[in-house]
Amino acid sequence: MNLEGQHVIVTGAASGIGLGIARQVRAAGAAVTGLDRNPDGAARMAELGAEFVRVDVAEPDALVAAIEDAHARAGRLDGLVNNAGVTIRVPFLDLTLGQIEMLWQVNQRSVLVASQAAGRIMAAAGRGAIVNIASNHANATNPGHEAYAATKGAIVAMTRAMAWSLGPNGVRANTLSPGMTQTEIVIEAMKDPANAANFRSWSADNQVNTVDEVGRAAVFLLSDASSALNGSDLVADRAMSSLLGVNDTRRA
């Protein structure tokens with residue numbers, strides 16, 4: 001999968017899945033601009049030979065400006081990976097409006113805003129690929145994730161519409177839905193052998209995604225190797241969501 005000569009923007013690139021995606025996109029030959037509100041992203045992008053822009057994706061005007069500026073500096077924009085997101089697990093009856101708004105602004109609105117800004121640039125150029133990071137929670141979730149699952153389901157649905165809005169102009173839009181992945185928080189939790197065994201039990205092969213595995217899946221969706229995929233949802237959860245009743249939280 002070759003992205004040589006291309007320029008890809010990755011949001012939420014300072015850590016976790018976003019960092020894994022940025023690393024794999026660079027390995028595939030593309031120039032990368034990483035967006036994140038975490039200032040640590042500057043050093044991490046520098047290690048990859050990538051550019052960094054500090055921006056909060058929950059601020060629409062700043063997000064659009066960051067994308068337009070990155071395009072202007074690179075002289076092209078071939079791909080966008082909307083990865084930035086947050087998750088909370090709160091009992092449904094305790095969920096606050098503030099928490100709902102926060103999830104919507106970061107997980108859903110930012111994807112719509114960034115896709116529109118990048119989509120205009122790509123459509124004008126007649127080429128491009130957008131990869132929106134959703135989650136297996138879009139299709140199979142559990143109690144306490146109502147608001148989070150809603151945002152991820154919305155990402156899958158609106159990406160299907162984007163595929164038809166942008167497809168006539170040579171731009172593809174797909175979603176990538178990871179399951180349990182070894183982000184920094186998960187790695188820390190897995191230091192407890194009981195947690196590690198539990199997390200592994202959720203997958204058919206008794207393994208947990210690495211961020212670089214998810215990154216390679218994103219590269220596939222950005223590349224011409226996935227040219228037949230548009231409006232698709234690639235579920236990368238090691239069959240976690242394929243078996244009914246596994247680790248049903250109601251049994252805990």
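- Side-chain contact between Met122 and Arg172 is absent, with no heavy-atom pair separated by less than 4.5 Å.
- Asp205 CG to Arg200 CZ: the interatomic distance, rounded to the nearest 0.5 Å, is 11.0 Å.
- Judged by distance alone, with hydrogens and angles left aside, the side-chain atoms of Asp192 form a donor-acceptor pair with the main-chain N or O of Ala194 at under 3.5 Å.
- Checked by atom type and distance alone, the side chain of Thr175 never pairs as donor or acceptor with a backbone atom of Asn132 at under 3.5 Å.
- Annotation: side chain of Val86 is in contact with side chain of Asn107 (closest heavy-atom distance under 4.5 Å).
- Here the CG atom belonging to Asp237 is positioned 7.0 Å from the OG atom belonging to Ser203, to the nearest 0.5 angstrom.
- Residue Asn38 holds its CG atom at 7.5 Å from CZ of Arg54, rounded to the nearest 0.5 Å.
- In this structure, Ser110 and Leu63 approach most closely via the heavy-atom pair O-CD2, 3.6 Å.
- Remark: Leu19 CG to Leu48 CG distance equals 6.0 Å, nearest 0.5 Å.
- The local environment of CG in Asp94 is crowded, with over 12 non-hydrogen atoms from other residues, nucleotides or ligands closer than 6.0 Å.
- Taking 4.5 Å as the limit, some side-chain heavy atom of Phe52 sits within range of a side-chain heavy atom of Asp36.
- Taking CD from Gln116 and CG from Leu80, the interatomic distance works out to 12.5 Å, rounded to the nearest 0.5 Å.
- Judged by distance alone, with hydrogens and angles left aside, the side-chain atoms of Arg109 form no donor-acceptor pair with the main-chain N or O of Leu103 at under 3.5 Å.
- For the side chain to side chain contact (heavy atoms under 4.5 Å, CB included) criterion with Met240, the lone passing option out of Asn136, Val235, Val208 is Asn136.
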Full working for side-chain hydrogen bond (donor to acceptor under 3.5 Å, both in side chains) between Ser115 and Asn82: CA-CA 8 Å; Ser115 295; Asn82 280 305; 3.0 Å; yes
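- Connection of Ile130 to Val55 is established within a shared hydrophobic cluster, with ILVMFWY side chains joined at heavy-atom distances below 4.5 Å, either directly or through further cluster members.
- With a 4.5 Å cut-off on side-chain heavy atoms, Ile17 and Ile21 count as touching.
- Interatomic distance, Leu35 CG to Asp56 CG, rounded to the nearest 0.5 Å: 11.0 Å.
- Looking at Thr11 and Asn83, their side chains never bring a donor and an acceptor atom within 3.5 Å of each other.
- Side-chain contact between Ile88 and Tyr148: absent, with no pair of heavy atoms (C-beta onward) separated by less than 4.5 Å.
- The cluster map of Ile, Leu, Val, Met, Phe, Trp and Tyr, joined by side-chain heavy atoms under 4.5 Å apart, puts Val81 and Val32 in the same cluster.
- With respect to Arg127 and Asp78, a salt bridge is recorded, a charged nitrogen being found less than 4.0 Å from a carboxylate O.
- Salt bridge absent: Arg73 and Glu68 never bring a charged side-chain N and a carboxylate O closer than 4.0 Å.
- Summarising the geometry of Leu229 relative to Phe220, their closest heavy-atom pair is CD2-CE2, 4.1 Å, with the distance given to 0.1 Å.
- Counting heavy atoms from C-beta outward, Thr183 and Ser15 have side chains that stay 4.5 Å or more apart.
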